[in-house]
Amino acid sequence: MTVPANTPAQHNPNLARLVGHHDLALPGAGDLLHGAVLRPPNIHWNGHAYCGPVLQHIQVDAARHVPGVVDIVIRHNFVAAIASQPNQAAHARAQIQAQWRDPEPQRVAQLTNTGQASAAPQPASPGITRSYTWVNTPDDEPVWAIARHTPTGLTLWANTSRAAQLRAEIASLCGLPAEQVTLVTNDQPGEGYDAAVDAALLAFGRSKPVRVQHDTTTGPATIALELQADGTPASQYTERANMANALRPSVAALLCGVEHRYASAMAQPDTLYGVPVSQQPAATAYALGPANDNAIAAGVFARESFFDELCALQSQDPVKARLDTITDPTGKALVESVAQQAGWFDPPQPGAGKGFACAQIIDNAQDPPQAVWSAWVAEVAVNDGAIDITRLTVGHTANTLTSTSDATKIEHHVRDTARGLLGAPDTFDQWADANTYTTGALTLPEVSVVPQQSAVGTPLAWHPNAQLPAAAAIANAIYKATGTRIRQAPFNTGNLLPQGDGTESKRSKRWAYGLLGGIAASAAGLVLTALPLRGAIAPVAVDTTIYSAAAIERGRLVALAGDCMVCHTAEGGIENTGGRPLETPFGTVYTTNITPDSQTGIGNWSYAAFERAMREGIHRDGRHLYPVFPYTAFAKITDADMQSLYAYLMTREPVSATPPKTELAFPYNARPLMAGWNTLFHKNEVYQPDPTQSTLWNRGAYLVQGAGHCAACHSPRNSMGAEKSGAQNFLAGGFADGWEAPALNALSKAPIAWTEDTLFDYLRNGYSSVHGVASGPMGPVVQNLAQLPESDVRAMAHYLAAINPPPASAEPAALTAAKLEEASRSNVGVMTMPGEALFEGACAVCHDAREAPPLFGARPSLALNTNIHSDHPDNVIQVLMHGIDDPTGQGLGYMPGFKDSLNDKQIREMIEYMRARFAPGKPQWQGLDEKISSIRTMHGP
């Protein structure tokens with residue numbers, strides 16, 4: 001039973017008998033419990049049953065002691081924590097000590113055999129075998145679901161494309177009649193199937209509803225298909241498919257022991273143009289990714305690409321070959337119409353190619369089931385090494401239409417389908433939300449739509465089935481134009497370059513010329529940067545109408561990654577108007593106005609002037625900039641990102657504002673001396689990817705080293721204010737604005753080693769349950785990172801984790817956390833310290849692991865907090881004095897500052913107590929009185 005959100009119960013008499021009118025209203029935040037699910041390290045499914053790691057031993061005592069925890073749920077291999085706050089649930093999950101073991105090989109073999117279809121005749125010879133892959137990248141946005149159990153049934157607020165399967169599965173898991181499971185659509189993007197089942201299992205038998213949120217950090221879901229033909233022409237096709245991520249049961253059901261293979265509402269015929277198709281499961285089980293319903297699209301892509309390959313091997317025209325074997329008159333008429341309107345048999349243009357694909361789908365949702373046909377002809381052109389889609393001709397015969405519209409809107413559907421198949425190039429400087437301008441004319445092909453053949457006179461319409469042949473048609477067209485066969489969809493445009501005789505030599509020459517040009521440019525840049533006096537670049541009138549919306553959006557992302565608005569906005573000031581004081585060992589430097597105001601900002605700066613400032617540290621008027629402006633990092637930004645950043649800044653609202661003038665003491669005020677500094681410490685070089693590393697690693701390195709300029713704060717500096725060189729000093733810790741930027745390399749003092757997941761949590765949400773809360777200068781950084789595509793934050797976390805991997809001998813993080821928490825609870829020796837009473841009065845209500853849950857927000861564990869374990873007390877003093885009045889994420893809670901309520905002696909006593917209790921293995925900090933006085937003075941009385 002699926003009802004739209006906000007539909008009154010009395011409008012549905014069957015529903016009214018199950019739930020009351022108010023039961024369909026989304027539960028309020030104050031009424032919710034929150035669940036956090038612990039998954040095994042690898043989840044495998046063979047298409048029938050779970051065959052991944054199983055639970056061997058579990059210890060949950062430490063998790064149950066986390067304040068706010070309501071329950072720890074263990075059901076077979078399904079483990080979860082329930083708490084009153086989401087961060088409490090996540091922290092409790094981190095405290096669960098679970099040991100998983102791989103199933104015995106005999107069990108895996110048994111499960112695999114169980115999942116096989118009926119035996120089919122095997123080809124007599126190896127024949128022709130090809131493998132195809134369909135990749136579904138999960139949405140950036142997290143998905144959530146809420147479940148509430150009452151005596152009359154179970155109500156779910158979730159989004160899914162498989163409502164009937166969801167209700168049946170939950171009814172089976174909870175022992176309820178299917179009619180007592182009510183699904184209310186929550187109108188969120190993304191597939192919430194797994195989150196819904198998790199929430200239902202956790203809410204069943206409880207008096208309060210439970211909310212579960214899944215952050216889409218699992219990576220892409222892959223459907224792999226292998227086709228084989230026995231002979232030429234083929235008399236038998238064998239299809240082996242990994243459908244592990246397609247229409248599978250929920251992960252929770254698999255972990256609970258459910259064995260079931262779902263049947264799709266749509267199916268493909270068991271013949272391919274008159275030749276029988278034997279369907280068999282893949283030989284191995286596959287790791288699960290996000291559930292999806294693209295199995296049909298994957299099958300069409302594989303079958304149509306495979307048939308086209310066979311036709312090419314046999315020198316047959318693929319349209320004629322299809323028409324010779326299609327017996328359905330509707331399908332045959334559609335293929336003929338689409339081919340005729342596309343001019344399929346016309347002579348091809350030089351450097352161009354046409355590709356054909358069609359699909360016959362059995363719609364089992366109809367009674368009786370109906371065959372639905374769709375067909376595409378894609379035309380591509382190769383221009384100077386780039387591939388453009390120039391024309392698309394589409395037709396379909398679906399009787400049940402999802403939309404009826406004019407030709408223009410239908411053309412948009414077709415173009416959107418094509419654009420969705422053309423993923424961004426797999427390069428380190430590609431932004432996830434800025435694909436449109438990288439593919440050029442790929443987004444603007446000519447579109448021809450063939451009206452339905454089975455319903456004469458019906459208006460043009462769009463149906464999801466119409467898009468099924470798109471991927472194969474485009475891939476087949478690319479093959480005709482370039483000789484390159486694409487066997488993975490959606491396509492990576494970085495792989496769409498022509499390949500053939502001479503291609504590699506031409507590429508090598510272009511690469512060599514580019515390398516020589518890069519060397520020459522770097523040499524010239526070094527000479528220019530070393531000059532003590534630089535000429536001014538004349539002001540210009542900037543025409544902002546030339547910038548596309550995509551370029552401006554890309555520039556916005558670059559600005560967010562670079563924290564431009566953080567440094568160039570004074571406290572309480574207007575964004576980007578400058579005036580923020582930056583404390584350095586050489587004096588205070590005030591940031592400048594970077595709005596496009598022509599008098600006080602950069603409104604009359606040409607791109608050449610802007611790029612020179614960003615890469616060389618030279619003002620438009622020729623002055624050297626101080627390296628507190630991190631041009632040493634911005635120089636690593638690629639040209640595309642630099643140009644986009646310029647476009648973004650120049651299209652902001654101009655604001656007339658003159659910040660305070662920077663006036664340093666001699667000799668630091670002698671700006672020409674910066675030329676020598678640049679010669680010694682600055683390399684004006686764009687980031688070059690490491691070919692031995694993955695794209696994800698290089699993407700993270702590019703963001704960390706370039707726009708993110710993480711080393712500007714997190715690396716130590718020498719006596720001349722330059723970052724210390726050498727791998728041992730990179731991200732080895734530093735100071736900024738009176739705060740310690742802790743080491744991110746092997747010198748990290750974190751009591752629990754940072755991992756990719758904990759780094760992602762911290763950078764994305766401003767909180768890690770085993771490290772602490774982002775505060776001070778890091779708070780605004782996290783707020784900016786939260787606006788970046790999730791994949792970019794994941795890349796940064798991946799890179800940072802790679803440069804400081806935990807030792808192989810390290811004990812599980814949950815075990816270390818449990819030991820530290822227990823040590824802080826049982827450390828009775830500190831109870832006689834003067835800071836005990838102060839801590840009990842000011843901090844214990846939120847941070848004391850001994851007693852009740854917090855009154856509000858998260859309870860960051862002080863026993864796990866990196867700042868408490870640091871060699872420097874600066875951050876602890878800063879937070880105690882000034883609190884956290886702008887939490888980086890929801891649910892973290894406000895922390896008051898005690899600067900005005902505690903004197904220096906009381907703050908020292910409290911810090912000594914916290915150090916002794918929560919980091920008992922660390923020596924007491926020295927010089928606390930001087931440090932506390934200095935930090936108090938820094939921020940004024």
Side-chain angles (χ1 to χ4, degrees), residues 35-66 71-82 89-116 173 194 197-198 201-202 212 214 217-219 221-222 242-245 248-261 281-291 752-753 755-758 769-770 801 805-819 821-822:
V37 181
L38 177 67
R39 301 293 197 208
N42 296 291
I43 307 173
H44 288 83
W45 185 48
N46 64 1
H48 178 72
Y50 174 71
C51 53
V54 296
L55 195 60
Q56 183 177 28
H57 175 74
I58 189 167
Q59 176 59 254
V60 299
D61 288 346
R64 293 189 186 279
H65 279 98
V66 172
D71 195 9
I72 304 296
V73 177
I74 305 171
R75 179 171 172 178
H76 203 44
N77 294 306
F78 177 81
V79 181
I82 305 175
H91 182 51
R93 176 181 57 190
Q95 306 307 305
I96 297 174
Q97 301 173 46
Q99 295 180 8
W100 305 88
R101 62 174 174 83
D102 292 330
E104 296 81 1
Q106 297 85 353
R107 171 63 175 163
V108 175
Q110 180 184 2
L111 290 170
T112 302
N113 292 332
T114 303
Q116 287 186 351
L173 286 170
D194 281 321
V197 179
D198 287 344
L201 286 177
L202 298 182
V212 172
H214 287 181
T217 60
T218 55
T222 300
N242 158 33
M243 298 300 180
N245 304 307
R248 59 166 171 77
S250 68
V251 173
L254 292 173
L255 294 176
C256 288
V258 170
E259 297 187 9
H260 184 68
R261 182 187 293 109
T284 59
Y286 288 80
L288 288 182
I752 295 178
T755 65
E756 180 176 330
D757 287 338
T758 55
S769 63
V770 292
S809 59
E811 65 182 6
L815 180 58
T816 304
K819 290 179 178 178
E821 292 273 23
E822 178 58 31

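Every heavy atom of this structure was used, including side-chain atoms; hydrogens, water molecules and symmetry mates were not.
In this structure, L202 CG and I82 CD1 are separated by 4.5 Å, a value rounded to the nearest 0.5 Å. Here H65 contributes atom NE2 and E822 contributes atom CD; the two are 7.5 Å apart, rounded to the nearest 0.5 Å. Here CD1 of I96 is found 4.5 Å from CD1 of I72. Values are rounded to the nearest 0.5 Å. To the nearest 0.5 Å, atoms CZ (R39) and CG (D198) are separated by 4.0 Å. Separation of atoms SG (C256) and NE2 (H76) is listed at 8.0 Å; rounding is to 0.5 Å. Here Q59 contributes atom CD and Q95 contributes atom CD; the two are 11.5 Å apart, rounded to the nearest 0.5 Å.
Side-chain contact between L173 and R75: present, with at least one pair of heavy atoms (C-beta onward) separated by less than 4.5 Å. Between H57 and L55, the closest side-chain pair of non-hydrogen atoms is not below 4.5 Å. Side-chain contact check for V197 versus F78: every heavy-atom pair is 4.5 Å or farther apart. In this structure, V73 and L201 have side chains that are not in contact, with every pair of non-hydrogen atoms separated by 4.5 Å or more. In this structure, I58 and Q97 have side chains that are not in contact, with every pair of non-hydrogen atoms separated by 4.5 Å or more. In this structure the side chain of I74 reaches within 4.5 angstrom of the side chain of V60, judged on heavy atoms.
Here the shortest heavy-atom pairing between A81 and A89 reads CB-O, 3.8 Å. The nearest pair of heavy atoms linking A63 to A92 is CB-O, 3.3 Å.
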Would V251 and Y50 count as a side chain to side chain contact (heavy atoms under 4.5 Å, CB included) here? Give the steps. CA-CA 9 Å; V251 173; Y50 174 71; over 6 Å; no
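Residues satisfying the salt bridge (Lys or Arg N to Asp or Glu O under 4.0 Å) criterion with R64, sequence neighbours excluded, are D71.
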